[in-house]
Amino acid sequence: MILQVVRYYVSYKLSTRDIEDIFTERGSAIDHSTINRWVITFAPKLEQNARQLKRKVSPSWRMDETYIKIEGEWWYYYRAVDKYGDIVDFYLSKERDEKAAQAFLRKAINTNGLPDKVVIDKSGANALPLHNLNVKLWLSVVFILNLIERVDVKYLNNIVEQSHRPIKQKMVQALGWKSVEGATATMSGQEVWTQIKRGQVGDLSLPIWESFYALAA
C-alpha cells in the first residue's frame with residue numbers, strides 16, 4: 001500500500017489530501033502528512049534502484065534547466081534527455097552557474113558515460129563546463145579520440161523543454177514545495193515513473209505500475 005500511495009503522488013496530479021480521501025473511501029485511513037513522509041522516504045530509494053537498471057541512452061543529449069519554487073524561492077532543476085526524449089539525468093541546484101552545470105554533467109556522465117554531443121541553448125553557464133570538460137579529456141593520460149561536440153541551437157532543445165512540463169505542473173499543483181526534501185523526493189519519483197513509461201527501466205512485459213513496485217525488491 002505504501003508503494004501504491006507513493007506512485008499515486010508522483011504519477012498523477014493528486015495532492016496528498018486527494019490521496020488521503022481516495023484511501024479513506026477504500027477503508028484505509030492515511031493522514032496526508034504520513035503520505036508526505038512516505039514520498040520523502042521511499043521515492044529517492046526507488047530512484048537509486050532505477051538508476052542501476054536504466055537502459056543506455058543515446059550519446060546525443062539535450063541539456064537545459066528550468067525554475068522550481070521551493071520554500072518561496074526559485075531553484076534550478078537541470079535535466080538532460082537524449083535525442084529520442086529518453087531521460088539522461090537530473091539535478092537540483094540553488095544556483096544557476098558553472099559549478100551547478102558541472103555538477104550536473106558529472107552526475108549524468110557517471111551514470112550514462114560520455115556523450116558524443118550536447119545541445120544547449122547558448123547559455124554561457126552551460127557552455128563553459130562543457131569546454132572545460134573537453135580540455136580535461138584532451139589533456140588526459142588516456143587519450144580520447146572524440147571530444148564532446150557542443151551545439152548551441154535553441155530549437156533543438158524543444159524536446160527537453162517540453163519534457164519539463166510534468167515537473168512544472170506538479171509544482172503548480174503543490175503551490176510550490178515547502179521543503180527541499182519534499183521537492184527532491186517528488187522529482188525523483190516523477191523521473192522514475194517517466195522512465196518506466198518510456199521503457200527505460202523495468203521488465204517491458206509487465207504493466208508499468210508493476211515495474212514501479214518491482215523497484216522496491
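The figures that follow rest on heavy atoms only: side chains count, while hydrogens, waters and symmetry mates do not.
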Would you check if the side chain of [X] reaches a backbone N or O of [Y] as a donor-acceptor pair within less than 3.5 Å?
{"X": "Lys178", "Y": "Gly176", "result": "yes"}
{"X": "Lys168", "Y": "Tyr67", "result": "yes"}
{"X": "Asn112", "Y": "Val88", "result": "yes"}
{"X": "Arg55", "Y": "Gly199", "result": "yes"}
{"X": "Glu65", "Y": "Arg96", "result": "no"}
{"X": "Asn134", "Y": "Leu147", "result": "no"}

Where do [X] and [Y] come nearest, in terms of heavy atoms and distance?
{"X": "Leu130", "Y": "Ile148", "result": "CD2-CG2, 4.4 Å"}
{"X": "Arg26", "Y": "Gln4", "result": "NH1-OE1, 3.9 Å"}
{"X": "Ile109", "Y": "Leu114", "result": "CD1-CD2, 3.8 Å"}
{"X": "Asp86", "Y": "Val57", "result": "CB-CG1, 4.4 Å"}
{"X": "His164", "Y": "Asp64", "result": "NE2-OD2, 3.1 Å"}
{"X": "Ile196", "Y": "Ile208", "result": "CG2-O, 3.6 Å"}

First locate atom [atom1] of [X], then atom [atom2] of [Y], and finally report the distance between them rounded to the nearest 0.5 Å.
{"X": "Ile19", "Y": "Thr24", "atom1": "CD1", "atom2": "OG1", "answer": "11.5 Å"}
{"X": "Leu53", "Y": "Gln48", "atom1": "CG", "atom2": "CD", "answer": "11.5 Å"}
{"X": "Gln200", "Y": "Lys54", "atom1": "CD", "atom2": "NZ", "answer": "5.5 Å"}
{"X": "Gln162", "Y": "Arg62", "atom1": "CD", "atom2": "CZ", "answer": "12.5 Å"}
{"X": "Lys94", "Y": "Tyr76", "atom1": "NZ", "atom2": "OH", "answer": "8.0 Å"}
{"X": "Arg37", "Y": "His32", "atom1": "CZ", "atom2": "NE2", "answer": "9.5 Å"}

Please determine whether residues [X] and [Y] belong to a single hydrophobic cluster, defined as Ile, Leu, Val, Met, Phe, Trp and Tyr linked transitively by side-chain heavy-atom distances below 4.5 Å.
{"X": "Tyr84", "Y": "Ile87", "result": "no"}
{"X": "Tyr9", "Y": "Ile40", "result": "no"}
{"X": "Leu46", "Y": "Leu206", "result": "no"}
{"X": "Leu92", "Y": "Trp74", "result": "yes"}

Can you tell if the side chain of [X] reaches within under 4.5 Å of the side chain of [Y], non-hydrogen atoms only?
{"X": "Val201", "Y": "Val192", "value": "no"}
{"X": "Glu47", "Y": "Met187", "value": "no"}
{"X": "Thr41", "Y": "Ile2", "value": "no"}
{"X": "Met63", "Y": "Leu105", "value": "yes"}
{"X": "Trp38", "Y": "Ile30", "value": "yes"}
{"X": "Glu20", "Y": "Thr34", "value": "no"}
{"X": "Val118", "Y": "Asn126", "value": "no"}
{"X": "Leu204", "Y": "Ser211", "value": "no"}

Test side-chain contact (heavy atoms from CB on, under 4.5 Å) applied to Arg79 and Glu191, step by step: CA-CA 10 Å; Arg79 297 179 74 250; Glu191 299 286 8; 2.7 Å; yes
Give a yes or no on this: more than 12 heavy atoms of other residues, nucleotides or ligands lie within 6.0 Å of atom CD of Glu161.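 Result for CD/Glu161: enclosed.
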Between Phe90 and Tyr78, is the ring centre distance below 6.0 Å? no
Indicate whether any N or O donor in one side chain lies under 3.5 Å from an N or O acceptor in the other, for [X] and [Y].
{"X": "Asn36", "Y": "Ser33", "result": "no"}
{"X": "Lys99", "Y": "Gln102", "result": "no"}
{"X": "Arg7", "Y": "Tyr213", "result": "yes"}

Can you check side-chain contact (heavy atoms from CB on, under 4.5 Å) on Val160 and Val119, steps first, answer last? CA-CA 10 Å; Val160 65; Val119 179; over 6 Å; no
Anything under 30° is parallel, anything over 60° is perpendicular, the rest tilted; go ahead and classify Phe23 against Tyr8.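 It falls in the tilted class, 30° to 60°.
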Evaluate side-chain contact (heavy atoms from CB on, under 4.5 Å) for Lys170 paired with Trp177, printing each intermediate quantity in order. CA-CA 9 Å; Lys170 193 67 179 180; Trp177 282 284; 4.0 Å; yes
Dump the intermediate steps for side-chain contact (heavy atoms from CB on, under 4.5 Å) on Asn132 and Glu98, then the final yes or no. CA-CA 10 Å; Asn132 292 339; Glu98 178 192 351; 2.9 Å; yes
Cation-pi geometry met for Lys107 and Phe104 (6.0 Å, 45°):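 Judged by the rule, Lys107 and Phe104 form no cation-pi pair.
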If you draw the axis of the six-membered ring of Phe212, does the NZ or CZ of Lys197 fall within 45° of it and under 6.0 Å from the ring centre?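 Negative - Lys197 is either too far from the ring of Phe212 or too far off its axis.
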